[in-house]
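Have a look at the structure below before the remarks.
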Amino acid sequence: IQPDVIVALGKSAAVYLLNLDSSTAVSSVRGKIHQRDNVPVVVTYHPAYLLREPVQKKNVWNDLCLARSIMHELQ
């Protein structure tokens, strides 16, 4: 698999993909472009978290728009 962009949904995915400390909060790494093996990675909240905190939907939308903009730049 050679993805153009990776969207990490939640803390576990972000910690694994970006080799972060397990105490790292998603809020501190979301909204930015990270790299994993020269592939851009965008971190956002897990869908289950949104069920508990629906106010964060706007942030997730912005993160998905960021991922989409990366894809458009690559084309």
Side-chain angles (χ1 to χ4, degrees):
I1 297 175
Q2 295 177 332
D4 293 328
V5 65
I6 298 171
V7 178
L9 299 177
K11 183 176 180 173
S12 297
V15 166
Y16 176 78
L17 288 170
L18 302 175
N19 297 317
L20 302 173
D21 185 82
S22 62
S23 63
T24 303
V26 171
S27 61
S28 68
V29 292
R30 61 155 295 278
K32 304 171 193 161
I33 301 171
H34 304 274
Q35 294 288 322
R36 164 81 186 226
D37 299 328
N38 294 321
V39 177
V41 178
V42 176
V43 178
T44 194
Y45 296 112
H46 192 278
Y49 177 75
L50 295 178
L51 293 174
R52 297 187 306 273
E53 297 291 335
V55 71
Q56 295 296 339
K57 288 180 183 180
K58 182 177 181 181
N59 288 328
V60 172
W61 179 254
N62 291 333
D63 295 337
L64 294 176
C65 289
L66 176 60
R68 186 175 179 200
S69 72
I70 294 167
M71 291 185 63
H72 283 272
E73 289 175 13
L74 296 174
Q75 295 177 355

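Within the 3.5 Å criterion, the main-chain N or O of S22 finds a donor-acceptor partner in the side chain of K11.
Side-chain contacts under 4.5 Å among hydrophobic residues (ILVMFWY), followed directly or transitively, place L66 together with V5, I33, V42, I70, M71, L74. The hydrophobic cluster around L51 extends to none of the other residues, as no ILVMFWY side-chain heavy atom falls under 4.5 Å of it. Hydrophobic cluster membership for Y49: I6, V7, L9, V15, Y16, L17, L18, L20, V26, V29, V39, V41, V43, Y45, L50, V60, L64 (Ile, Leu, Val, Met, Phe, Trp, Tyr linked by side-chain heavy atoms under 4.5 Å, directly or transitively).
Atom OG of S27 sits about 8.5 Å away from atom CD of Q56, to the nearest 0.5 Å.
Residues passing the side chain to side chain donor-acceptor pair (under 3.5 Å) test with D63 are R30, T44, sequence neighbours excluded. Residues meeting the side chain to side chain donor-acceptor pair (under 3.5 Å) test with D21, sequence neighbours left out: S23.
The shortest distance between side-chain heavy atoms of Q35 and P40 falls below 4.5 Å.
For the pair A8 and A13, the tightest heavy-atom approach, listed with the atom from each and the gap, is CB-CB, 4.0 Å. K32 and H34 make their closest contact through O-CD2, 3.6 Å (heavy atoms, listed as atom of the first residue, atom of the second, distance).
Listed by first and then second residue, the salt bridge (charged side-chain N to carboxylate O under 4.0 Å, His left out) pairs that reach into residues 34-62 come to none, sequence neighbours excluded.
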